[in-house]
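Everything numeric here is computed off the predicted structure, so don't read it as measured data. In what follows, every heavy atom counts, from backbone to side chain, and hydrogens, waters and symmetry copies are set aside.
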Amino acid sequence: MKKMSRVDYICGWNRYTMDFIGIWPDERRFDRITSYKVLIPVCFMLCFICLPQTINLFYVWTNFNLVVENLSMGNMTITISLLKTIVFWLNGQLQTQKKNYNIKIKMKQKLEKNVGIR
């Protein structure tokens, strides 16, 4: 059985979900087509959720309650999730943080071992 690191255990389902939609930074190279599979959900969210809600905004412009509902239920939430997805995909700093976290854990374990021996 493969030994699982603490970060892999803590991230758990989030890692599997982010890997499925293509934003987990493991082994992502910009010369491979699989690195761009995140663009499919982004395009679907943009074309089938955000764009129709934005078009509908022009039709309900005279009713303030419908404008607020449109912005709160459709446009703002999807826009924020799109921005988070794109920033996370482009940034890819989680891998570096994962390595740093594992190094810190190993150093802490060595220190505890040395203290426990003395």
Rounded to the nearest 0.5 Å, how far apart are [atom1] of [X] and [atom2] of [Y]?
X	Y	atom1	atom2	value
L66	L71	CG	CG	11.0 Å
N56	L51	CG	CG	11.5 Å
I40	M45	CD1	CE	12.0 Å

| Do the side chains of V67 and M76 join up, straight or via other hydrophobic residues, at under 4.5 Å, putting them in one cluster? |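 V67 and M76: one cluster.
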| Under the side chain to side chain contact (heavy atoms under 4.5 Å, CB included) test, which residues partner F64, sequence neighbours left out? |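 Partners of F64 under the side chain to side chain contact (heavy atoms under 4.5 Å, CB included) test: V68.
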| message | The criterion is ring pair (Phe, Tyr, Trp, His ring centres under 6.0 Å); which residues satisfy it with F44, sequence neighbours excluded? | response |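 F48.
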Under 3.5 Å, which donor-acceptor pairs do the side chains of residues 77-87 form with other protein atoms, sequence neighbours left out?
residue: T77; atom: OG1; partner: M73; partner atom: O; Å: 3.2
residue: T77; atom: OG1; partner: G74; partner atom: O; Å: 3.4
residue: T79; atom: OG1; partner: N75; partner atom: O; Å: 2.5
residue: S81; atom: OG; partner: T77; partner atom: O; Å: 3.3
residue: S81; atom: OG; partner: I78; partner atom: O; Å: 2.9
residue: T85; atom: OG1; partner: S81; partner atom: O; Å: 2.8

| task | Return the minimal non-hydrogen interatomic distance between P52 and C47, and the atom names on each side. | result |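 It is CD-O, 3.3 Å.
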| query | Between N70 and Q53, is there a donor-acceptor pair closer than 3.5 Å when you use the side chain of the first and the backbone of the second? | reply |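 Yes: the side chain of N70 pairs with the backbone of Q53.
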